Structures are given as structure tokens and as C-alpha cells.
> 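Here it is: the structure, laid out below.
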Amino acid sequence: GGGLSRGLVAYYRLDETSGVRYNRGTTGGGINLTDNNTVGSTTGAVAIQGNPAVAASFVRGNSEYLSLSTPSVLNAGGADFSISVWFNIYSSLDTTNQNILGVWGSSGSYSYRLYYNGANQKIYWYTSSTGSNTTTIASSSVSSDTFYNTMLVHDNSSGSEAYLNGSSLGSAGSIISSQSSTAFVLGGIAAGTNYFNGAIDDFALWNRQITSDEISQVYNSGSGKVLR
């Protein structure tokens, strides 16, 4: 297919209320996400026409997360790729550091991660070119109990540019490393620290750089867009 479905290798609508979260991207069911410690659901950001919007809801105190132990296409480093995700930080723990998602293990197995700093209430895209070094792209502060869209567009020759609600946050020159044995995690990271306390909706990964027009389409003035 063309348009936003082109190269959309992983796409989790996260509209299931519990259990396995299914991939609706072009790679198919081999990369469905495993539910760990009973991830729940809540009102989401992106709705399929005629249906209420549903998102995955993570309780930090229960160490809830979704994972793919062998990351497959989600281990996207070493090539061009783009990520889009909607997130909502719950106000109950909005001064606590939290890992939202990533392919990010212990030192030596870093690729990319999305992190929330509870002290300044900003999000950070972390990337690593060697598996152990880190570069970051930061947002301004975000509000709790509010859905935001963030994207990371990786050019394997020059690095990454990050976006929040369709606007650029700047770029980092780090070429993201491939980490084929590090689990992909939503609601935390493989290193198993600082679990997320909030909601995640519509995670998408393309095996190409999406364009500025496509970034606007995905954000869709804050309404989001069902991609496939």
C-alpha cells in the first residue's frame, strides 16, 4: 500500500482491553506484544471511526509493561526508520522519572528510548550510536493527564530529529545502533527500571523516514489518525 501504510512494519493500536496487543503493521502477528503484570486500558487518543478511543494503561506500582523479547523490526537501528506514539503521564506520579518505551537494556545494549523526567516534566528521546554512549533530544515541559504525540525520524547517515505534537524538538547527530538481542518494551525498558505510570496509544514504526507532510497527517491537529 501507499501513503502512511507504506513501510509501516509495526503498528499497535493498543485498543485491546487486556492481554496480547496485536500488530496491525505489515510484518504481521509474529511481533504481537506480550502483556506483563496485567496492563489495563483507558480512554485513548486515537479513535477508529464509530468506536471510542482506547489506550493501554500502565500502573507503575505493579511493574506493568508490554514486550517483545526478540525485537525483530522494532530493533530499527542501523537503518532509516520513524516512530510515532501517543502518551499520557498520569498526575499521580508526574514528579517521578519514567521510561515510556524503547529498545534499551543495560549499558552496552542501548538503541533508542523515550523517557520522562519527573523533576522538570520534560520528555527526552535518548539514542545511542555505540550501545553505551547516549545523546538526547528534549521537549519543553508537558502537562499531566494530557495526551501528546511524539515522533522520532532517524536518518542512518545523519542522525535523528524528534517532534512533539507535530513540531520539531531539534535533532541529534547520533546514528542509532542495532541491538538485536535487547527486548522492545512499552511501559518501561529492558533494563527494568523506572516503569511508566500513564497511558500509551497508537505506537507506529516505519522502516523509512516519514515526511513533514506525513508528520502533520499523523498528528492530525491533535486527533490522531488510524494508520492501517
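Residue numbers count from 1 along this sequence. Because the structure is predicted, anything quoted here is derived from the model rather than measured. Heavy atoms only: backbone and side chains are in, while hydrogens, waters and symmetry mates are out.
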> Looking at OH of Y219 and OH of Y148, how far apart are the two atoms once the value is rounded to the nearest 0.5 Å?
9.0 Å
> Can you check whether R228's main-chain N or O pairs, donor with acceptor, with R13's side chain at less than 3.5 Å?
yes
> Can you check whether T146's main-chain N or O pairs, donor with acceptor, with S143's side chain at less than 3.5 Å?
no
> Y110 and W104: aromatic ring centres closer than 6.0 Å?
yes
> Just verifying a value: how many Å separate Q209 CD and D80 CG, rounded to the nearest 0.5 Å?
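Spacing of CD (Q209) from CG (D80) equals 4.5 Å.
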> If we ignore hydrogens and angles and just use 3.5 Å, is the side chain of Q121 paired with the main-chain N or O of D94 as donor and acceptor?
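At least one qualifying donor-acceptor pair exists.
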> Assess the side chains of E16 and S41: does a donor N or O sit below 3.5 Å from an acceptor N or O?
no
> OG/S141 to OH/Y116 distance, rounded to the nearest 0.5 angstrom?
8.5 Å
> Shortest non-hydrogen contact from I189 to T193?
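Distance-wise, the nearest heavy atoms are CD1-OG1, 4.0 Å.
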> Check the pair Y11 / N23 against side-chain hydrogen bond (donor to acceptor under 3.5 Å, both in side chains), numbers first and verdict last.
CA-CA 5 Å; Y11 178 43; N23 174 46; over 6 Å; no
> Quick one: does any side-chain atom of N220 pair with a main-chain N or O of G222 as donor and acceptor, under 3.5 Å?
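Not at all, since once roles are kept as given, no pair shorter than 3.5 Å links the two residues.
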> Rounded to the nearest 0.5 Å, what's the gap from CG on D145 to OG on S92? Could you check?
7.5 Å
> Identify the heavy atoms of A10 and V73 that sit nearest to each other, and give their distance.
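That would be CB-CG2, 4.4 Å.
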> Could you tell me the separation between the CG atom of N156 and the CD1 atom of I176, rounded to the nearest 0.5 Å?
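Between N156 CG and I176 CD1, I get 9.0 Å after rounding to 0.5 Å.
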> Does this structure show an ion pair linking E214 with R208, if we count only N-O contacts that are shorter than 4.0 Å?
yes
> Verify the distance criterion only: is there a donor paired with an acceptor across the side chains of T130 and S132 at less than 3.5 Å?
yes
> Within 45° of the six-membered ring axis of Y12 and under 6.0 Å from that ring's centre, is NZ or CZ of R21 located there?
no
> Just how far is it from atom CG of L68 to atom CG of N32, taken to the nearest 0.5 Å?
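Reported to 0.5 Å precision, the distance equals 8.5 Å.
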> For the side chain of N62 and the backbone of E64, is there at least one donor-acceptor N/O pair under 3.5 Å apart?
no
> Starting from the C-alpha separation in whole Å, work towards a yes-or-no answer on side chain to side chain contact (heavy atoms under 4.5 Å, CB included) for I175 and H154.
CA-CA 8 Å; I175 306 300; H154 180 244; 4.1 Å; yes
> Do I137 and V153 belong together in a cluster built from hydrophobic side chains that touch within less than 4.5 Å?
no
> Dump the intermediate steps for side chain to side chain contact (heavy atoms under 4.5 Å, CB included) on L169 and Y163, then the final yes or no.
CA-CA 5 Å; L169 299 175; Y163 298 82; 5.7 Å; no
> Give a yes or no answer on whether the side chain of N165 reaches the backbone of N149 with a donor-acceptor pair at less than 3.5 Å.
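Checked: pair present.
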> Looking only at atom types and distance, does a side-chain atom of N133 sit under 3.5 Å from a main-chain N or O of S129, one as donor and one as acceptor?
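Yes, because the side chain of N133 sits within donor-acceptor range (under 3.5 Å) of the backbone of S129.
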> Ignoring hydrogens, what is the shortest heavy-atom contact between V103 and L74? Give both atom names and the distance.
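Nearest pair, atom of V103 first, then L74: CG2-O, 3.5 Å.
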> What's the verdict on side chain to side chain contact (heavy atoms under 4.5 Å, CB included) for V85 and I200, showing C-alpha distance, side-chain angles and the deciding distance?
CA-CA 7 Å; V85 68; I200 299 175; 3.5 Å; yes
> Are the aromatic ring centres of Y112 and F81 under 6.0 angstrom apart?
yes
> Between S157 and D155, does any side-chain donor sit less than 3.5 Å from a side-chain acceptor?
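Result is yes, a qualifying pair exists.
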> Assess the pair F203 and F184: is the distance between their ring centroids shorter than 6.0 Å?
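Ring-ring flag for F203/F184: true, centres closer than 6.0 Å.
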> Same cluster or not: L66 versus V59, using hydrophobic residues (I, L, V, M, F, W, Y) connected whenever any side-chain heavy atoms lie under 4.5 Å apart?
no
> Examine Y195 together with Y65 and report whether their ring centres are nearer than 6.0 Å.
yes
> Looking only at atom types and distance, does a side-chain atom of D201 sit under 3.5 Å from a main-chain N or O of V46, one as donor and one as acceptor?
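Looks like yes, one N/O pair under 3.5 Å.
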> Can L114 be reached from L152 by stepping across I, L, V, M, F, W or Y side chains whose heavy atoms are under 4.5 Å apart?
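Yes: a chain of side-chain contacts under 4.5 Å links L152 to L114.
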> Do you know the tightest heavy-atom contact between A55 and G44?
CB-CA, 3.5 Å
> Does N88 use its side chain to pair, donor to acceptor, with the backbone of A199 at less than 3.5 Å?
no
> Kindly indicate, with the supporting measurements, whether the criterion side chain to side chain contact (heavy atoms under 4.5 Å, CB included) is fulfilled by F87 and L186.
CA-CA 11 Å; F87 70 92; L186 283 180; over 6 Å; no
> Treating S139 as the side-chain partner and I123 as the backbone partner, does any N or O pair qualify as donor plus acceptor under 3.5 Å?
yes
> What pair of heavy atoms forms the shortest contact from S111 to S177, and how long is it?
OG-O, 2.7 Å
